[in-house]
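Step one of this worksheet: look at the structure below.
In each ligand, atom 1 is the first atom listed, and ligand 1 is the first ligand listed.
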Amino acid sequence: MNKSSKIFIAGHTGLIGSAIIRKLRLMGYARIITRTHKSLDLKDRKRTESFFSKEQPEYVILAAAKVGSIQANDTYPAEFIFENLTIQNNVIDLSWKYRVKKLLYLGSSCAYPKKCSQPMKEESLLTGSLEPTNEPYAIAKLAGIKMCQAYHRQYGAKFISIIPANVYGINDHFDENAHVLPTLIKRFHQACLKNSRKVILWGTGKPKREFFYVDDLADACLFLLKKYNEPEVINVGVGQETSILQLAQKIRKISGYRGELVYDTSRPDGNPRRLLNSSKVSALGWKAQTSLDTGLQLTWNWFLKMAKK
Ligand SMILES: NC(=O)c1ccc[n+]([C@@H]2O[C@H](COP(=O)([O-])OP(=O)(O)OC[C@H]3O[C@@H](n4cnc5c(N)ncnc54)[C@H](OP(=O)(O)O)[C@@H]3O)[C@@H](O)[C@H]2O)c1
């Protein structure tokens, strides 16, 4: 891949796709191809094929997907399995048909078994039952990984898959279906504005999660596009865990909020740990650069800017 390669970023308006675009532009890549969801629905095989035939991308990063919270997954399981399978079936198959030199597929850590031993190693995929609430989504994500491997095996296609940790950062989603980190940012921000006496934390605050700044993920994607050619999926994370309470305390500090932090233990905690084993990507020479404190500050600054608009 060089600076004049034609690269299609599917899902470029999303959290991860937009970070990849920022990174590519920063590095001087000049031929980036994008289409909004509105202008090209990747579920539409015919229109997606005309796009591939006309644009002939050399590299594809598949960051287009239907993504949402556990609650959204629980409410719309049919949409989560159908839309994700259809988008990835179209993009992966057409990438092969139109001789794309390399494709990077974004998997998800929910593809690991619910009771996976921690930290989660790539070999643990498909060794146990999935979390039932987002099983349809996780099955679609697993199918995408298997599809890349099958095209690699049968056609020799260089289609690689990665599993990133929980991603956060610029362009994150702050709606009612948001993940824990943006939800806390929004809650502390509102508590500051309204001078509220308390901020509520769901659960006990004890579960630990791995938070991965989106610009670091973009960096990892480009690194792996250049250096990684194996069909085996590869984890990408920071290798560090933070409890929900520690996260809340960090966001509280950034926000300047002085009120009380209250636990709502009637809410479920979820898994006590979800940490990826990222030793494979480390051995290739890649490491995340952004500390959680820095990433949170950058996300907070961006959120404030958006909130003022
Ligand atoms: N966020 C995470 O923590 C995380 C962690 C691990 C893996 N991943 C994976 O990374 C990928 C991207 O996630 P994300 O967080 O960046 O999601 P996101 O912010 O929701 O972005 C998804 C993108 O896909 C587009 N899209 C959705 N359906 C489409 C369709 N039918 N046709 C064309 N475009 C469509 C969206 O456009 P509209 O918004 O206009 O619909 C948006 O640009 C997903 O595969 C996800 O599983 C995410």
Side-chain angles (χ1 to χ4, degrees), residues 8-23 33-49 51-52 60-70 72-73 76 79-92 94 103-112 120 125 130 134 136-145 147-148 160-175 177-183 209-218 220-221 224 233-238 274-276 278 281 288 295 299:
F8 172 41
I9 314 298
H12 75 287
T13 60
L15 168 64
I16 296 172
S18 62
I20 293 172
I21 295 269
R22 280 199 299 281
K23 181 80 187 170
I33 316 166
T34 58
R35 289 292 185 278
T36 60
H37 184 171
K38 211 171 164 195
S39 66
L40 176 64
D41 186 340
L42 295 166
K43 296 198 297 304
D44 185 330
R45 169 84 186 195
K46 233 175 163 179
R47 297 198 56 225
T48 306
E49 174 144 19
F51 161 79
F52 269 84
V60 171
I61 300 180
L62 179 42
K66 183 173 176 68
V67 180
S69 63
I70 287 274
N73 271 270
Y76 309 108
E79 290 176 27
F80 275 90
I81 191 160
F82 174 75
E83 294 190 21
N84 285 308
L85 283 175
T86 312
I87 293 169
Q88 67 205 34
N89 282 349
N90 286 341
V91 175
I92 296 172
L94 290 167
L103 172 143
L104 183 142
Y105 174 76
L106 281 145
S108 165
S109 60
C110 69
Y112 280 107
M120 300 181 285
L125 283 173
L130 299 163
N134 59 6
Y137 173 73
I139 295 272
K141 300 283 17 170
L142 280 165
I145 293 168
M147 194 161 166
C148 289
I160 62 168
S161 331
I162 70 168
I163 294 190
N166 291 316
V167 185
Y168 73 96
I170 292 168
N171 282 330
D172 211 335
H173 305 280
F174 291 85
D175 52 29
N177 283 326
H179 293 131
V180 60
L181 189 152
T183 299
R209 294 291 180 268
E210 182 180 9
F211 298 104
F212 188 19
Y213 189 58
V214 72
D215 286 19
D216 282 346
L217 172 58
C221 288
L224 290 166
V233 67
I234 184 160
N235 288 337
V236 189
V238 287
R274 288 301 271 179
L275 176 68
L276 293 178
S278 299
V281 75
T299 310

The complete set of side chain to side chain donor-acceptor pair (under 3.5 Å) pairs with one or both residues in residues 165-174, sequence neighbours excluded, reads S18-N171
*Hey, is OH on Y76 packed in by over 12 heavy atoms from elsewhere, all under 6.0 Å?*
no
Close residues (non-hydrogen atom under 4.0 angstrom from ligand 1) work out to G11, T13, G14, L15, I16, H37, L40, D41, L42, K43, A63, A64, A65, V67, I87, L106, G107, Y137, K141, P164, A165, N166, V167, H173
The reported gap from CD1 in I9 to CG in L104 (rounded to nearest 0.5 angstrom) is 9.5 Å
NE2 of H12 to CD1 of I20, rounded to nearest 0.5 Å, is 12.0 Å
Checklist entry - Does N134 reach the main-chain N or O of I70 with its side chain, forming a donor-acceptor pair under 3.5 Å? => result no
Do L40 and R47 have side-chain heavy atoms sitting under 4.5 Å apart?
yes
